[in-house]
Amino acid sequence: MKVVIVGGVAGGASCAARLRRLDENAEILMVERGPYVSYANCGLPYHIGGVIEKESSLLVASEKTFREQFAVDCRTNCEAIQISPDKHTVELRNVATGEVKTESYDKLVLSPGASSIRPPLPGIDLPGIFEVRTVPDARAIREWIEKGSLFLTGMDKYSGFQTVRPKSRAVVIGGGFIGLETAENLVHRGFDVTLLELGDQILAPLDPEMARIVQGHVERHGIRLALNDGVAGFKQAANGALEVLTKAGQKHSADIVILALGVRPDTALAKMAGLKIGDRGGIRVDDQMRTSHPDIFAVGDAIEVKDFVTDEWSLIALAGPANRQGRIAADVIAGRDSHFRGSQGTSIIGLFGGAAAWTGASEKTLKRLGDKDYEKIYLYPNSHAGYYPGARPIAMKVLFRKSDGRLLGAQALGEDMVDKRISALALALQMRATIYDLEEVEMCYAPQFGSAKDPVNFAGMIAADVLRGDMPICHWDSIGKGFVLDVRGPVELAVEHVPGAVNIPLGQLRARLGELPRDREIQVVCRSGQRAYSATRVLLQHGFKARTVSGGMLSRYHAFLFEQSNQERQRLEAMG
Ligand SMILES: Cc1cc2nc3c(=O)[nH]c(=O)nc-3n(C[C@H](O)[C@H](O)[C@H](O)COP(=O)(O)OP(=O)(O)OC[C@H]3O[C@@H](n4cnc5c(N)ncnc54)[C@H](O)[C@@H]3O)c2cc1C
């Protein structure tokens, strides 16, 4: 059996290696248009920033490795330019010489990835404007920065000795992973960075109130965010610097511009071959990675996948799914009955010592689908036992089905062990676990690693309390409709208070129940929701109608950030 694999990085290289492990006799040809196979594109922003100093560190396995260890005929600088599905042939062009050869195949695997979105804007080809997609892209950016060409061209303006190098300016366009990671690395390299984003938030998969926290974090670390504004074009100023012109009429000066406007599936070959393309613009495959032609498989960023939670076709450009799909395609070609389960979009991004991670559906996705059978909770557990030094709070949002408790999605932000919690929740989600299962998960614990009630358990316990009716909850958008009871201590109120709320500290509650109304719903608030939960239990057992404000004052902060205006504050103050 002869298998040709197009694309030699995440999906393609995984497929080639797996196939060889399963079948010693298969003839495997892997072609890669670029100069490297199996390189770590996820490491490129960190190479630009100098965290990964050597370019060679990004090269995970070479052409030679594939030839010698896997007996794969691996050809770099070799582009597949045409497929003839009926003849079972593919035309390959040597990128250096232009020579074209035809190769036959029994099975063909496409893993061509995605290409960066590059709109035909005026000036987009000016020197100093880069993408971050390949090793040569990262090399070009490093060379540009090291050359400092724009800085030097401005030197004639200075008289005498210039002893302080002026700060170079970078404009990053796009607030997704690649844009943000590159922006962070440019800050580390001393750039004054502006990040332009067309949407009203960065990191689109996050819910806005969670994204706002990340926005505050990156702004505090020096990234200037320009949201709700898109790029309109580029110009070269008289001093040699670039100018980024925006749709809102702004002008941002830059010594370097990074385009990170997102990616779109590379479907050129698939379209030419007449393969079915889905509504989202990716190659349509079944759960065994087979395209509309039975002998052609496709994997990675180029395909559409079923969203594990919503069952919608979606585009998920992530390395994990690409690797797993490559492996599944190899399994199926070798005669095994492997299936892809769909993708949850589990992701993480590290930024200035913090991390934002998520898995499964966001609230905005559920709203878009008109789903009403969900509830959400906010919680702020410590990353490990609070009494052990170094514990940091994790802001978590967990979404689950009201009807059966199934976990639907989770988002977490923090400076310590965020990945561990979202990874655990991602696994639970894929196992179709409920929040009742999360109550029972046995996480490893010693004080420096977690708590006897780990944040994952804690999320399950809170959510289960909600569904069992032990802790009815409400959210800040409903505050004001009920009687607001603040059960924090007076010192805390001095820092921040809810206008109009009645304060009875938790310790005095049982003695002062007579001060509370029996004919109105009582919305109980504290700092994070924990004391409010205890108070809610007291009230419910004394016949009051009570609800805990999920996440307490900490989630109110989200609400304010989300509102991005003082409207909510004014409304609450008016209540007073
Ligand atoms: C800067 C950056 C950072 C990232 N960080 C993360 C991260 O932290 N976490 C994460 O999960 N994902 C990350 N990703 C995404 C991840 O790298 C991709 O999802 C993954 O590589 C997709 O695998 P793939 O095989 O589909 O495509 P790729 O790995 O992109 O490989 C496709 C290859 O096919 C080649 N090719 C295309 N057409 C042809 C042709 N006709 N003939 C021959 N060769 C062809 C291309 O040259 C390319 O090398 C990052 C991506 C980038 C660019």
Side-chain angles (χ1 to χ4, degrees), residues 4-16 29-49 52 58 60 74-83 90-95 103 108-116 130-138 141 172 174 176-185 205 258-260 262-273 282-283 285 289 297-303 305 315-327 329 343-351 355-357 419:
V4 176
I5 300 171
V6 177
V9 189
S14 307
C15 183
L29 165 60
M30 180 168 78
V31 298
E32 166 55 51
R33 175 168 61 192
Y36 305 108
V37 288
S38 199
Y39 66 89
N41 34 19
C42 309
L44 295 174
Y46 303 95
H47 182 49
I48 292 168
I52 300 170
L58 297 169
V60 181
C74 177
R75 301 181 201 167
T76 53
N77 297 308
C78 178
E79 183 179 19
I81 52 169
Q82 185 76 260
I83 304 166
V90 53
E91 282 179 31
L92 304 177
R93 187 174 70 92
N94 182 318
V95 173
E103 290 278 352
L108 178 70
V109 181
L110 301 177
S111 186
S115 41
S116 304
F130 299 93
E131 291 168 9
V132 185
R133 182 102 216 130
T134 62
V135 173
D137 288 341
I141 292 170
V172 175
F177 281 108
I178 299 175
L180 279 163
E181 288 177 354
T182 310
E184 180 195 17
N185 279 286
I258 303 292
L259 293 176
V263 295
R264 67 167 63 96
D266 188 338
T267 52
L269 266 183
K271 281 181 182 159
M272 276 195 271
I283 305 171
V285 293
M289 318 321 301
F297 294 73
V299 302
D301 290 359
I303 65 165
V305 288
L315 298 170
I316 306 262
L318 288 171
N323 275 273
R324 296 202 305 280
Q325 291 153 8
R327 192 179 153 93
S343 180
Q344 303 157 224
T346 308
S347 307
I348 187 161
I349 179 168
L351 290 165
D419 56 333

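Heavy atoms only: backbone and side chains are in, while hydrogens, waters and symmetry mates are out. Positions are given from 1, in the same order as the sequence printed here. First listed ligand is number 1; within each ligand, the first listed atom is number 1.
Of the protein's non-hydrogen atoms, Ala80 N, 2.9 Å is the one closest to atom 42 (N) of ligand 1. Scanning the protein heavy atoms around atom 3 (C) of ligand 1, the nearest turns out to be Asn41 O, 3.4 Å. Nearest protein neighbour of atom 22 (C) of ligand 1, counting heavy atoms only, is Asp301 OD1, 3.2 Å. Closest to atom 14 (N) of ligand 1 among all protein heavy atoms lies Cys42 SG, 3.7 Å. In terms of protein heavy atoms, atom 35 (C) of ligand 1 is closest to Glu32 OE1, 3.3 Å. In terms of protein heavy-atom proximity, atom 45 (C) of ligand 1 is nearest to Arg33 CB, 3.7 Å. Among all non-hydrogen protein atoms, the one lying nearest atom 15 (C) of ligand 1 is Ala317 O, 3.9 Å. In terms of protein heavy atoms, atom 32 (C) of ligand 1 is closest to Ser111 O, 3.2 Å.
The shortest separation from a heavy atom of Pro321 to ligand 1 is not under 4.0 Å, leaving the residue out of contact.
Ala260 and Ile178 make their closest contact through CB-C, 4.3 Å (heavy atoms, listed as atom of the first residue, atom of the second, distance). Minimum interatomic distance between Ala273 and Ile83 (heavy atoms only, all atoms of both residues): CB-CB, 3.9 Å. Between Met289 and Ile303, the shortest heavy-atom contact is CE-CD1, 3.4 Å. Residue Glu181 comes nearest to Pro45 through the heavy atom pair OE1-CG, 3.5 Å, listed as atom of the first residue, atom of the second, then distance. Of all heavy-atom pairs between Ala298 and Val285, the closest is O-CG1, 3.6 Å. The nearest pair of heavy atoms linking Ala270 to Ile283 is CB-CD1, 3.6 Å.
Near Gly300, meaning under 4.0 Å from one of its heavy atoms, ligand 1 places the atoms 26 (O). Atoms of ligand 1 found under 4.0 Å from any heavy atom of Glu79 (numbered from 1 in listed order, with element): 40 (C), 41 (N), 42 (N), 43 (C). Applying the 4.0 Å criterion to heavy atoms of Ala10 picks out, from ligand 1, the atoms 20 (C), 21 (O), 23 (O), 25 (O), 29 (O). For ligand 1, the atoms sitting less than 4.0 Å from at least one non-hydrogen atom of Val31 are 43 (C), 44 (N), numbered in the order shown with element in parentheses. Interface atoms of ligand 1 facing Ala322, defined by a heavy-atom separation under 4.0 Å, are 22 (C), 23 (O). Of all the atoms in ligand 1, the ones that sit under 4.0 Å from a non-hydrogen atom of Val132 are 1 (C), 53 (C). Below 4.0 Å from some heavy atom of Cys78 lie the following atoms of ligand 1, by number and element: 43 (C). Within the listing of ligand 1, atoms 41 (N) sit less than 4.0 angstrom from a heavy atom of Leu269.
Between Asp266 and Arg133 no salt bridge is recorded (no basic side-chain N to carboxylate O distance below 4.0 Å).
Around the CZ atom of Arg327, the shell of radius 6.0 Å holds no more than 12 heavy atoms that belong to other residues, nucleotides or ligands. By the neighbour-count criterion of 12 heavy atoms within 6.0 Å, atom CZ of Arg264 is sparsely surrounded, having that number or fewer from other residues, nucleotides or ligands.
Note: an N/O pair closer than 3.5 Å links Ala319 and ligand 1 by distance alone. Between Leu318 and ligand 1, at least one pair of N/O atoms sits closer than 3.5 Å.
Side chains of Ile141 and Thr182 form no contact here, defined as non-hydrogen atoms less than 4.5 Å apart.
The line from CG of Leu29 to CD of Glu103 is 5.5 Å long, rounded to the nearest 0.5 Å.
The closest non-hydrogen atom to atom 52 (C) of ligand 1, taken over Ile178, Ile81, Val37, comes from Ile178.
Paired with Pro35 under the rule side chain to side chain contact (heavy atoms under 4.5 Å, CB included), one option of Thr76, Val135, Asn77 passes, and it is Asn77.
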